[in-house]
Amino acid sequence: MAKTPETEHPVKAFGWAARDASGVFSPFNFSRRATGEKDVQFKVLYCGVCHSDLHMSKNEWGVTQYPIVPGHEIVGVVTEVGSKVEKVKVGDKVGVGCLVGSCRSCDMCSQDLENYCSKQILTYSTTYTDGTITYGGYSDVMVADEHFIVRWPENLPLDAGAPLLCAGITTYSPLRYFGLDKPGIHVGIVGLGGLGHVGVKFAKAFGAKVTVISTSENKRKEAIEKLGADAFINSRDPEQMQAAAGTMDGIIDTVSAVHPVVPLMNLVKPHGKVVMVGVPEKPLEFSTFSLIMGRKTLSGSGIGGLKETQEMVDFAAKHNILADVEVIPMDYINTAMERLLKTDVKYRFVIDIGSSSRSA
Ligand code: NAP
Ligand code: ZN
Ligand code: ZN
């Protein structure tokens, strides 16, 4: 008889899964592999809700394998380690982000860029090396190879820190790589959601001048007074956009839906860079003129490698960078997803997995 998610592995696990493209979540009993010699098993305490979880649970990118247990901003406490594990011990706080595997030998892997390995294994809805499907952090127990485990700094809160594992690294990495991490640089952050608000905090910590470019006028005051942005542009107002034309060195675009790109290209100086990190479900339109006039660059960036993720978490702990979170119980997830779609969250939902009751 074919094994089910509940019987394919020895360790009992409980989470919430979407079963089809409706993206509706319900309780789900499944299983995790036994802790291998290089594996770390941990009790999940908190897991952030990334917009990628929403895209994936509704199969908006066409790659979802159901049932899907999303969640790739996972933090918890180690309960068991394999005999060859060196990185952490039982009782340590740890995190897992978007990756649980890569080939470990290609050009990208050897440069600590597992995030660009063609054989990368994502934390959920991807086929693992043993042929089973990966399940993410909307669940009570996690097992991962120690290479993909992030050591959690002692002073970093677990709940507000969890979103660093995706939202954090996805903005930190391009700010660093594209040279937008220097004092005096003018950085635009498009979309003040989970990624965007953490991006503002990192850019400010690097000493940059930060302008938020948003469709939500109601975020203006908070962006400046609470998040520390220097300026706020309502992207739906052509006059505000025109007034800022040619002023920015680089832009990180975190928008989750189809939106105009050419007006963003106009905001950067000659040689300016517009870096896409948001992944709308449909292709975006841009004009070659907007690149040619000023030799501008349109680029993209995906999460970050494990070494950089550790560096980012340590940097966040040192500079007191956390997400602004709304902590929710697991059974609130369907409402949370509806609100996320309406940008009705400031700025990241985090599921309190540790105190959510286990039932199915
Ligand atoms: P989020 O919290 O929902 O934030 C997205 C923001 O985009 C919203 O807060 C909103 O900001 C803006 N927005 C939404 N709909 C819009 C529209 N129709 N037009 C213009 N702006 C709109 O999402 P998130 O978790 O930050 O994720 C953002 C995107 O990044 C998603 O597509 C996600 O899949 C992707 N992602 C990519 C990576 C990567 O490695 N590249 C990693 C993680 C996530 P305002 O209200 O300020 O306009
Ligand atoms: Zn994510
Ligand atoms: Zn590789």
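Note that these values count all heavy atoms, side chains included, but never hydrogens, waters or copies made by symmetry. All values reported here derive from a predicted model rather than from experimental measurement. The first residue in the sequence is number 1, and the count goes up from there. Indexing begins at 1, ligand by ligand and atom by atom, following the structure's order.
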Could you tell me whether some N/O pair between [X] and ligand 1 is separated by less than 3.5 angstrom?
X: Gly194; result: yes
X: Gly191; result: no
X: His259; result: no
X: Arg236; result: no
X: Cys50; result: no
X: Ile303; result: yes

Please round to the nearest 0.5 Å and tell me the distance separating atom [atom1] of [X] and atom [atom2] of [Y].
X: Asp159; Y: Cys47; atom1: CG; atom2: SG; result: 12.5 Å
X: Leu122; Y: Ile303; atom1: CG; atom2: CD1; result: 7.0 Å
X: Glu6; Y: Phe14; atom1: CD; atom2: CZ; result: 11.0 Å

For [atom], find the nearest protein heavy atom and state the residue, atom name and distance (0.1 Å precision).
atom: atom 48 (O) of ligand 1; value: Thr215 OG1, 2.6 Å
atom: atom 35 (C) of ligand 1; value: Val277 O, 3.6 Å
atom: atom 30 (O) of ligand 1; value: Gly278 CA, 3.3 Å
atom: atom 10 (C) of ligand 1; value: Thr343 CG2, 3.4 Å
atom: atom 27 (O) of ligand 1; value: His51 CB, 3.4 Å
atom: atom 4 (O) of ligand 1; value: Gly193 CA, 3.3 Å
atom: atom 32 (O) of ligand 1; value: His55 NE2, 2.8 Å
atom: atom 18 (N) of ligand 1; value: Ala257 CB, 3.5 Å

Where does [X] meet ligand 1, judged by heavy-atom distances below 4.0 Å: at the side chain, the backbone, both, or neither?
X: Thr170; value: side chain
X: Thr254; value: backbone
X: Trp61; value: side chain
X: Ser214; value: both

In plain terms, say whether [X] and [Y] are close enough for a salt bridge, that is, a side-chain N and a carboxylate O under 4.0 Å apart.
X: Lys84; Y: Glu37; value: yes
X: Asp324; Y: Lys226; value: yes
X: Lys209; Y: Asp230; value: no
X: Glu217; Y: Arg236; value: no
X: Glu146; Y: Lys38; value: yes
X: Asp249; Y: Lys273; value: no

- Query: Ignoring hydrogens and geometry, is there a side-chain-to-backbone donor-acceptor pair from Thr64 to Ser57 under 3.5 Å?
  - Reply: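 Such a contact is absent between Thr64 side chain and Ser57 backbone.
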* Asked: With no hydrogens and no angle check, is any side-chain donor or acceptor of Asn115 less than 3.5 Å from a backbone partner on Gly302?
  ->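 Checked: pair present.
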| said: Under 2.8 Å from the Zn ion (ligand 2), can any N, O or S atom of Cys50 be found? | reply: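 Looking at Cys50, which is the residue asked about, there is an N, O or S atom under 2.8 Å from the Zn ion (ligand 2).
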- Closest His72 atom to the Zn ion (ligand 2) [N, O or S only]: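 Sorting the N, O and S atoms of His72 by distance to the Zn ion (ligand 2) puts NE2 first.
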Under 30°, 30 to 60°, or over 60°: which ring-plane class applies to [X] and [Y], parallel, tilted or perpendicular?
X: Phe315; Y: Phe206; value: tilted
X: Tyr347; Y: His197; value: parallel
X: His55; Y: His51; value: tilted

Hey, does Ser301 sit under 4.0 Å from ligand 1 if you only count heavy atoms?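 Distance cut 4.0 Å: Ser301 passes for ligand 1.
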task = Could you establish whether Arg348 and ligand 1 come within less than 4.0 Å of each other, counting only heavy atoms on the residue side?
result =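 Within the 4.0 Å threshold, so yes.
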Exercise for review: Within a distance under 4.0 Å of any heavy atom of Leu192, pick out the atoms of ligand 1 and give their elements.
Suggested key: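 Near Leu192, the atoms of ligand 1 are 9 (O), 11 (O), 45 (P), 47 (O).
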*Number the atoms of ligand 1 from 1 as they appear, then name those within less than 4.0 Å of a heavy atom of Leu340, with their elements.*
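In order of number, 2 (O), 3 (O).
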Checklist entry - Under the criterion ring pair (Phe, Tyr, Trp, His ring centres under 6.0 Å), which of Trp16, Phe30, Tyr66 is the partner of Tyr135? => result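 One option only clears the test, and that one is Phe30.
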> SG (Cys103) to the Zn ion (ligand 3) to SG (Cys117): angle, nearest 10 degrees?
Replying inline: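 Reported to 10°, the angle equals 110°.
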